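Here's the structure, in structure tokens; my notes come after.
None of the values given here were measured: they were computed from a predicted structure. FYI, side chains are in, hydrogens and waters are out, and symmetry mates aren't considered; it's all heavy atoms of this structure.
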Amino acid sequence: MFSTTELVPLLTDRGIKLSASQVHRLVTGTPERLSLPVLAALCDILEVTPADLIATKAENRDVRRTGTTGDLRAVDTTAIRPKRARLRPDP
């Protein structure tokens with residue numbers, strides 16, 4: 001397959017309706033999201049698995065630091081009491 005426009009009828013045969021420009025963007029760029037039916041149709045057309053089409057990159061991240069100090073303690077909520085609202089008549 002040499003042209004992205006060749007994919008349009010193959011996708012249509014599988015119930016996926018995308019324009020030639022949508023298919024071009026899908027193939028030439030990195031899509032932000034991809035529906036499972038489209039992924040399944042592409043895998044079927046190209047005779048590959050999703051792992052062949054999707055490159056994953058996992059990395060460990062450091063623990064995010066917050067603005068609190070190192071010692072975290074539970075807050076005693078029994079000492080916190082809501083104040084009753086006082087309604088004043090309009091002047």
Quiz item: Got V48 and L53 here, is their nearest side-chain heavy-atom distance under 4.5 Å?
Solution: yes
Quiz item: Hey, what do you get for CD1 (I54) to CG (L34), rounding to the nearest 0.5 Å?
Solution: 6.5 Å
Quiz item: At what distance, to the nearest 0.5 angstrom, does CG of L7 lie from CZ of R14?
Solution: 9.5 Å
Quiz prompt | L11 side, atom CG; K17 side, atom NZ - distance, nearest 0.5 Å | solution = 11.5 Å
Practice problem: Could you grab the distance from atom CG of L26 to atom OG of S21, nearest 0.5 Å is fine? | Solution: 11.0 Å
Quiz item: Got a donor-acceptor contact below 3.5 angstrom from the D13 side chain to the L10 backbone?
Solution: no
Quiz item: So, do C43 and T49 sit near enough that their side-chain heavy atoms are less than 4.5 Å apart?
Solution: no
